[in-house]
Number of protein chains: 2
Amino acid sequence: MAVRSARTRAEVERKPRADSLRNRERLLKAATRVFSAGGPEASLEAVARRAGVGIGTLYRHFPTREALFEAVYRREVDELAGLAERLAHEAEPIDALRQWLGAFVQLVATKKGMLAALSLAAQAPPSELYAYSFDRLTTALDGILKRAIAAGQMRSDITPEDLLRALLGLSYSYERPDWQATVTRLIGVFVDGLMVKR
Amino acid sequence: MAVRSARTRAEVERKPRADSLRNRERLLKAATRVFSAGGPEASLEAVARRAGVGIGTLYRHFPTREALFEAVYRREVDELAGLAERLAHEAEPIDALRQWLGAFVQLVATKKGMLAALSLAAQAPPSELYAYSFDRLTTALDGILKRAIAAGQMRSDITPEDLLRALLGLSYSYERPDWQATVTRLIGVFVDGLMVKR
DNA sequence: TGAAAAACGGAGGGCGCCTCCGTATCTGTA
DNA sequence: TACAGATACGGAGGCGCCCTCCGTTTTTCA
C-alpha cells in the first residue's frame, strides 16, 4: 500500500534541469558578445567556447544559427514593437512613423547584430523560425500605418512588410564612417515619398 | 661570339602564356555560372572544379573572392554606367533616373550575383578592388542627378553614393516570390521622396 | 632544341558546420 | 538518503571550404 503513483508518466512535466537553464543563459550571454563583435557569421564554436560549453550543448539549445540569433535579440524586438504600439496612440501618424524609424536607427547603432538578425528574418521564407520577430514588428507597424492612411496622410499601397524591408535595406550601409547620418537622410527621403502628394 | 643578348632581362615583356589566358577565361565562365546559382558565398573550389582547373590556379588568377567577383561583373557595370551616361543626355532628368533604376532592377533580375558584388563594393572601404565598380556607377549617376537638381526637380542633399546605396539596399529583398514588383514599388517611393516638394 | 620562366594542380593544415552517442548529472520517488 | 530513470552534456568525427606552398609540367624564346 501507499504505492500511490504508478503510471504517473507521460503527462507529468518535470521542471527543467538546473544545468540546462544555466547553460542556456551562458550561451545567450556569450552569443551576445560574440555576435556583437564578429557579426552575423561569427563562429558558433566560438560562442560555445566562450560560454564554456560543448558545441553539442549549443546545438541542443539552439538548433540553428537563426534560433540563437532570435533568442539573443528577442528582447530588443519586443521593445521596438512596444514602442510602435505606444506611438500609434500617442502621436500624429506621420510623426509616429518618423519617431519610430529614428528609434530603430538608434537601436541598430548600439546593437548591430540586430540588423543582421532581422535581415535574416526578412529574407527567404524557409526560416520558419523567424516568424516571431518579423510578425511582431510588422503587426506593430501596421497600427501606425493604418492610422496614417486613414488620416489621408500616406499612400495606401505600401504594406508594413514593405516598409520594414525598406528600412532594413536602407540601414545596410552601417559599418561605415558616417553611416548614421546617411541612413537617417535616406529614410527621410523614403518617408517623404510615402506621404500623399501635396 | 653570336652571344648577342646577355642581360636582356627585366625590361623584356614576354607575352602571356596561352594556357594562362585559356584558364582565366574558363574560370570567368565557371564563376559566372556558379555565382549566379549559388550566390555570393558559393564555393570557390566549386568554381575551380567546374572550370576543370586546380584550386591553386584559381587563386593565382584571382587572389580574392572579391577580385573574381569584380572580374565577372565588370562588363555589366560598364553597361549600366554607359546607360546612365546616355540617358543623362537623351531624357528628362527625372525620367532618366526612373529609367535607369528600372534597368538596374531588370539587370539584377537576371544576374543576381551582381547585387552581391555591388553590395560588397558598397560596404567597407577595405575592398580597394571594388573602387572601380562603385566609382564608375556613382560618376555616371552623378550626370543624371546634377541635371535633375539644376532643373529644380530634385532635392540637392542626396549624393550619387547615397542613391546607389539606397538602391542596393532596397533591392535586397530579392530572392523572394514577388520581389521584382515589390522592389520596383519601393524604389518608386524613394524617387517620389527625392522630387522637390510640389 | 633546350634552358629558363611561367603556370599548373593538389596535398595539407586550419577552421567551422553539424550529428551522434557514450558518459555524467540531475530529479522525483520511496 | 538513495537510486533509477530521465535528461543533458561534450567532443570526436566526418565533411566541406579556405588558402598556401611547392614539386611538376608546360610554354616561350633564343
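Order of the sequence lines fixes the chain letters, A, B, ..., with proteins taken first and strands second; residue numbering starts at 1 for each chain. None of these values were measured; they are calculated from a predicted model.
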### Query
At under 4.0 Å between heavy atoms, what does B:R65 touch on the DNA or RNA strands: base, sugar-phosphate, or nothing?
sugar-phosphate
## Note on the structure
With the side chain defined as heavy atoms from C-beta on, B:E45 is closest, among C:dG9, D:dG5, D:dC18, to D:dC18
### Message
I'd like to check A:R50 versus A:K29 (side-chain heavy atoms, cut-off strictly below 4.5 Å). Are they in contact?
### Response
no
### Task
By nearest nucleotide on DNA chain D, pick out whichever of B:K15 and B:R49 is the more 5' one.
B:R49
### Query
Rounded to the nearest Å, what distance is computed from the OH atom of residue B:Y59 to the C1' atom of nucleotide C:dA7?
18 Å
### Message
By nearest atom, which of the nucleotides D:dT27, C:dC17, C:dG28 is closest to the B:R22 side chain?
### Response
D:dT27
### Query
Within 45° of the axis and under 6.0 Å from the centre of the six-membered ring of B:Y172, does NZ or CZ of A:R165 qualify?
no
### Task
Return no unless some side-chain N or O of A:H61 is found under 4.0 Å from OP1 or OP2 of D:dA8.
no
### Message
Counting the atoms with a prime plus P, OP1 and OP2 as sugar-phosphate, which does A:T57 contact under 4.0 Å by heavy atoms, base, sugar-phosphate, or nothing?
### Response
base
#### Entry: Listed nucleotide nearest any side-chain atom of B:S43, set C:dA7, D:dC17, D:dG5
D:dC17
### Task
May I have the distance from A:R24 (atom CZ) to C:dC26 (atom P), rounded to whole angstrom?
19 Å
### Message
Under 4.0 Å from OP1 or OP2 of D:dC9: is there any side-chain N or O of A:R60 that close?
### Response
yes
#### Entry: Minimum-distance nucleotide (side-chain atoms of A:D19 versus C:dA5, C:dC8, C:dT25)
C:dT25
#### Entry: Beyond-backbone contact of B:L97 with B:M154, side-chain heavy atoms, under 4.5 angstrom
yes
### Task
Choose from D:dA8, C:dA5, C:dG16 the nucleotide whose nearest atom is closest to any side-chain atom of B:R17.
C:dA5
### Backbone of A:A81 reached by a side-chain donor or acceptor of A:R86 within 3.5 Å
no
### Query
Is any side-chain N or O of A:E41 under 3.5 Å from a base N or O of C:dC17, one able to act as donor and the other as acceptor?
no
### Message
In this structure, how many angstroms lie between the P atom of D:dC21 and the CG atom of B:L58, rounded?
### Response
17 Å
### Message
Taking the minimum atom-to-atom distance to the side chain of B:A18, which one of C:dC8, D:dT28, D:dC9 wins?
### Response
D:dT28
### Query
Could you give the CZ-to-C1' distance, from A:R26 to D:dA8, as a whole number of Å?
14 Å
### Query
A:L44 side chain: which of D:dC9, C:dG9, C:dC18 is closest?
C:dC18
### Message
Looking only at the side chain of A:I55 (C-beta and beyond, no hydrogens), which of the listed nucleotides D:dC19, C:dC8, C:dC18 gets closest?
### Response
C:dC18
### Task
Would you please classify the geometry between the B:F190 ring and the A:F190 ring as parallel, tilted or perpendicular, with 30° and 60° separating the classes?
tilted
### Query
Which nucleotide, C:dC8, D:dC17, D:dG10, lies nearest any side-chain atom of B:N23?
C:dC8
